[in-house]
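Every chain is numbered from 1, with letters handed out A, B, ... down the list of sequences. Here the structure is a predicted model, which is why all the values come from computation and not from measurement.
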Protein chains: 2
Amino acid sequence: MSSIQPIPRIQNDVNAELRLIALQMFAENGYAGTSLQQIADAAGYSKSSVLYHFRSKEALLEESLAPALSELGEFLDSVVARASSDELRAAFVEEFVDLLLEHRLAAHIIINQGQTLADIPAIDAARGYIDRIGESFMSELPTTKQRIRLGVALAGAAYVLVAARPSTAEIESVDEIREALIDVVSELITGLSA
Amino acid sequence: MSSIQPIPRIQNDVNAELRLIALQMFAENGYAGTSLQQIADAAGYSKSSVLYHFRSKEALLEESLAPALSELGEFLDSVVARASSDELRAAFVEEFVDLLLEHRLAAHIIINQGQTLADIPAIDAARGYIDRIGESFMSELPTTKQRIRLGVALAGAAYVLVAARPSTAEIESVDEIREALIDVVSELITGLSA
DNA sequence: CCCTAATCTGACCGATCGGTCAGCGCCTGC
DNA sequence: GCAGGCGCTGACCGATCGGTCAGATTAGGG
């Protein structure tokens, strides 16, 4: 306890707080549509303070996405490790949906704004991961139909995760959403090897 | 020819040109991420000239979306007119996918940026239309699973329509995409009445 | 207690934002 | 050939953008 921590400059509370707020606002209003001032106001700090913790707006985005990126990379490794045998597909889908649920905000940013933010390294890396995960599900060269099914599953899931319209408030449990998502995604994915 | 046109102040060429360019840029880089200067540069006009044709940036967006809005409204009418008998579902899906294909840029803006742009009347109207189209497919109160399937189908389709990654360039024909989309959307939609 | 370093802030920077306005050239109808 | 309007533009506006910097404030270990 009293000994120095292994890595002294660990992310502190303020840092994590800012990353969470930024992630929410980037997902809801878009990266371009969210200013550092708005983030600072929402967090109760000054804009200068935000820029003290993060070198730039882009760095704030990248560090906010980092945890999701890390887990996405691990998931990709586990996918390529186990060969894509048919009966393991269901387990993969379940893990993948859980990954989306855990990092729903990051997923929404990467998928919905990935096109716009293509020049940001973290975004580019994430898109590369996703591409390779998709490829691992496909035998040989993907057909148009396969790529469209995968795209619909991915983008559709990412959208649903954040859509949460004000009307018909989010009374429904996460479990219910999880179950429905696993159902629809696996239905879309299983059509890929055909 | 020499007689005055029925409605003198019809949309002229420049107007239509600007609307198309704006629609493309809004879809690709986001509404907040696209400046009037960028639109003007892309069109080869000055920013002042853009604002001469359109009262404001918001008006440019609304007028760019107008054709899609109009057709979407007509589609909604045709949906509620014919009762949603099961065997007509396929025809509905086909029409709907064609609508998405025809107005792919507008669809992408409405679905992917609808949350952010909720205070813009045209966007709000479009989201209302889509909600009502969705409701017309559902019997009684929609379950979570039903709403998720519909959300995945809509957002997934909208994403695929604009995704068109630079890699593996858009060699594939529109017909191929259309066929795949009709297939996957109808598969998702037909699960709604269950 | 005091010195240092971490944290936080307001003032300020140049650039760009959406938008206004006066005026330019050009075409057209009289 | 002249008057008038339309299309278009540069200059300019206040506000805000992301980012810098010097200094105030705070916290903590010796």
Just the rounded figure in Å: distance from C1' of D:dC8 to CG of B:D13. 16 Å
Counting distance only, does the side-chain N/O of B:S49 pair as donor-acceptor with the main-chain N or O of B:S46 below 3.5 Å? no
Parallel, tilted or perpendicular: ring planes of A:Y45 versus A:H53, cut at 30 and 60 degrees: perpendicular
Is A:S49 close enough to C:dT9 that one of its side-chain N or O atoms is under 4.0 Å from OP1 or OP2 there? yes
Reading nucleotides 17-28 of chain D from 5' to 3' and marking B where a protein heavy atom lies under 4.0 Å of the base, S where only the sugar-phosphate is that close, and - otherwise, the string is SBBB--------
Provide, to the nearest angstrom, the distance between the CG atom belonging to B:N15 and the C1' atom belonging to D:dC8. 14 Å
Contacts of type side-chain hydrogen bond (donor to acceptor under 3.5 Å, both in side chains), residue A:Q38, not counting sequence neighbours: none
Does B:E179 have more than 12 heavy atoms from other residues, nucleotides or ligands lying within 6.0 Å of its CD? no
Do A:Y52 and A:L61 belong to the same hydrophobic cluster, where Ile, Leu, Val, Met, Phe, Trp and Tyr are linked whenever their side-chain heavy atoms lie under 4.5 Å apart, directly or via other members? no
N/O (side chain, A:H53) to phosphate O (OP1/OP2, C:dA6) under 4.0 Å: no
Between CG of A:D41 and P of C:dT9 the distance, given in whole Å, is 11 Å
Is the phosphate of C:dT7, meaning OP1 or OP2, less than 4.0 Å from a side-chain N or O of A:Y52? yes
Keeping to residues at least two apart or across chains, list the ring pair (Phe, Tyr, Trp, His ring centres under 6.0 Å) pairs with something in residues 21-42 of chain A. A:F26-A:Y31
